[in-house]
Amino acid sequence: MRQKREDIRNVAIIAHVDHGKTTLVDELLKQSGVFREGQEVAERVMDSGDIERERGITILSKNTAVTYKNTKINIIDTPGHADFGGEVERVLKMVNGVILVVDAFEGAMPQTKFVLRKALELKLPVIVCINKIDRPEARPDEVVDEVLELFLELDADDSQLDCPFVFASAKTGVASLDSGVLGTSMEPLFETILQYIPAPEGDPDEGTQVLISTIDYNEYVGRIGVGKVDNGTIRVGQEVVICNHHEPDKQIRVKVSKLYEFDGLNKVEVKEAGIGSIVAISGISDIHIGDTLCSPENIAPIPFQKISEPTIAMQFMVNDSPLAGQEGKFVTSRHLRDRLFRELNTDVSLRVEETDTTECFKVSGRGELHLSVLIESMRREGYEFAVSKAEVLYHTDENGKRTEPMELCYIDVPNEFSGAVIEKLGQRKGELRNMGSISGGTYTRLEFSIPARGLIGYRGEFLTDTKGNGIMNTVFDGYAPYKGDIQYRKQGSLIAFEAGEAITYGLFNAQERGALFIGPGEKVYAGMVVGQTGRSEDIEVNVCKKKQLTNTRSSSADEALRLTPPKILSLEQALDFIDTDELLEVTPHSLRIRKKILDPTLRKRAAMRK
């Protein structure tokens, strides 16, 4: 007999990037008494990874739980970036409702649409939280209308359209049910969760059924499966069978060795858990996302949607440059292979394939950000390797025609820069779908449909063209017929002519040819890219050249040589910059761009063959 469990609510917080999900969770934790008085708490406490803290983004979804009026509220904080959409899709299977956070100024953005569509498809009730209502330019009432329009556009049913709106300022920790009132605490949001999010349902007397929606990984205990108990109870020491909806033959008998529930920011060990509880199970090495743990008497896997396919790929290879092995701790192909396959333990949107050579692996992901976060994590762990330019993954339709991934690109720019943006994206096969003015007519919002490869390497140019004032958001929009060739880069590279150390005199002569990426004293080798030239072809320069000393003196010869400060590229900028015949050498301390073929004669021969 199915029954509700009234003392639990399971809810996910979804939103576009930077609309304040993690800050909102901070306040819910603080005001439910999770932290003791006077305890020092980091800002955005749920962003536990170093990269998450530095970039201010959530990459992995996190579980936490708070208690309000004797009801345990399990909260899942999800990523807002489209590249980590795989994370959002699957955690929605664990919850009975969602809180959609929308910025009171920016309104509904592309990623809001993406995550909301997923929630509505699963028929989940939605609480809309209009956040940042204390911003000076906030327009909460207009944003409410925008969100309702979005619901209609996504075919929401009547009960979903009748959703409650809560107006909050997560930063100051207040919420209210009236857009004109600031409120005094988060109580209105807690009350709305209890009233509007349904309690989990299940049959406590049936056989055990737990759907695994997330995998955590710990070096001490190995894989940890996180999921919701749908039916029955799960106990420590219980024998269960792992089965999967998409793999009918999969049936593995295992024993539950440790069981945890979430409380605040901690996992608490428990002996058993009943319906509606979100649990973490450790000690099962064969557990994967989408698996169901069932009791042996009643083997019934729960359906689980397939995770979206990767759209972009890079080659990760062993670093074979003349400076290889000097900075990294892990440099061999075995190290690289083990690390990439270990990443698959936790990241379901990633794909790693072996190639014809043992030195190189093809790694596919959901976007440039997805792969750059992996590269950054690996270099911090002491890995040294090289990566190629990102390329998109093509499909073939039923008629045998080539199709490619398309993106919907939304751009907000000050009016004077809109022409430059339209021109650049036009060259990259972008098609302008919509254009309108926002922010009282000072900004233009542009909507493009553009091939995913057209956006590779564009972000840096976009920031330059808009003087840093533009905002660009993209969301995957399916596959469409191939749109034709795109020329990525109009400028060539400045290539080092010989190995050695960069000298001021050589750099001074080279800087007339273009912008340099290196300063004096840096090690270089033949074939390394040391700068960018304004011309379309590559130029070789000798940055190790010393001044010939003579006995003759002239009044101007000994003047100090003035060098323009080099342009230091970040990881994303370097990945954007490299061309198809170049590689990025990644070490724990350096990023170097180089030509795939270092020898100039062989390079010219290869170019002539093309």
Side-chain angles (χ1 to χ4, degrees), residues 14-17 78-93 100 108-124 149-156 246 290 303-314 347-351 353 362-371 390-411 425-435 445-459 472-486 488:
I14 59 174
H16 185 81
V17 65
T78 62
H81 271 279
D83 288 19
F84 309 110
E87 286 282 323
V88 183
E89 283 176 47
R90 45 173 218 271
V91 298
L92 292 179
K93 290 289 267 189
L100 175 72
M109 299 292 275
Q111 193 62 18
T112 318
K113 190 172 175 178
F114 172 77
V115 290
L116 181 60
R117 179 184 284 129
K118 300 283 173 204
L120 294 179
E121 281 169 5
L122 291 167
K123 296 280 179 247
L124 294 173
E149 277 172 27
L150 187 59
F151 271 92
L152 288 168
E153 191 186 322
L154 296 175
D155 294 331
H246 294 296
F304 188 77
Q305 82 274 26
K306 284 238 188 267
I307 300 299
S308 306
E309 292 283 302
T311 58
I312 212 163
M314 278 181 189
D347 191 343
V348 284
S349 304
L350 199 73
R351 247 207 327 248
E353 297 162 67
K362 183 181 179 184
V363 180
S364 314
R366 289 288 294 266
E368 274 186 297
L369 180 69
H370 186 190
L371 295 177
E391 57 193 48
V392 302
L393 297 169
Y394 297 106
H395 282 189
T396 309
D397 64 10
E398 55 272 13
N399 305 324
K401 291 222 170 90
R402 184 156 66 151
T403 61
E404 62 175 333
M406 298 295 288
E407 300 268 344
L408 274 181
C409 177
Y410 296 81
I411 290 179
L425 287 181
Q427 292 165 0
R428 290 165 169 266
K429 307 288 179 198
E431 194 181 293
L432 184 62
R433 288 273 184 85
N434 229 322
M435 186 172 174
R445 177 167 286 178
L446 306 166
E447 185 186 325
F448 285 89
S449 169
I450 185 168
R453 64 200 164 96
L455 290 167
I456 295 173
Y458 175 63
R459 213 168 274 274
M472 179 162 87
N473 290 292
T474 58
V475 65
F476 177 61
D477 189 35
Y479 277 76
Y482 183 68
K483 297 278 187 253
D485 295 337
I486 296 173
Y488 284 113

Rounded to the nearest 0.5 Å, what separation is found between the [atom1] atom of [X] and the [atom2] atom of [Y]?
| X | Y | atom1 | atom2 | result |
| --- | --- | --- | --- | --- |
| Ser364 | Leu350 | OG | CG | 7.5 Å |
| Glu431 | Met406 | CD | CE | 7.0 Å |
| Leu124 | Leu100 | CG | CG | 12.0 Å |
| Arg402 | Thr396 | CZ | OG1 | 8.5 Å |

### Message
For a side-chain contact (heavy atoms from CB on, under 4.5 Å) check, start with the C-alpha distance between Lys362 and Leu393, then their side-chain angles and the critical distance, and finish with the verdict.
### Response
CA-CA 11 Å; Lys362 183 181 179 184; Leu393 297 169; 3.8 Å; yes

[X] side chain near [Y] side chain, heavy-atom distance below 4.5 Å:
| X | Y | result |
| --- | --- | --- |
| Tyr479 | Asp397 | no |
| Glu368 | Leu455 | no |
| His370 | Thr311 | no |

For residues 445-452, tabulate all N or O donor-acceptor pairs below 3.5 Å that involve a side-chain atom, not counting sequence neighbours.
{"from": "Arg445", "atom 1": "NE", "to": "Asp412", "atom 2": "OD1", "distance (Å)": "2.9"}
{"from": "Arg445", "atom 1": "NH2", "to": "Asp412", "atom 2": "OD2", "distance (Å)": "3.2"}

### Task
Apply side-chain contact (heavy atoms from CB on, under 4.5 Å) to Leu120 and Asp155, showing your working.
CA-CA 8 Å; Leu120 294 179; Asp155 294 331; over 6 Å; no

### Query
Any idea which heavy atoms bring Ala119 and Ile14 closest together, and the distance?
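So the two residues come closest at CB-CD1, 4.3 Å.
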
### Task
Please report the closest heavy-atom contact between Lys483 and Glu404, naming both atoms and the distance.
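Result for this residue pair: N-OE2, 2.9 Å.
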
### Task
Please identify each residue that fulfils side chain to side chain donor-acceptor pair (under 3.5 Å) with Asp485, with sequence neighbours left out.
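Asp485 satisfies side chain to side chain donor-acceptor pair (under 3.5 Å) with Tyr482 once adjacent residues are dropped.
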
### Arg351: side chain to side chain donor-acceptor pair (under 3.5 Å) partners, not counting sequence neighbours
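Glu309.
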
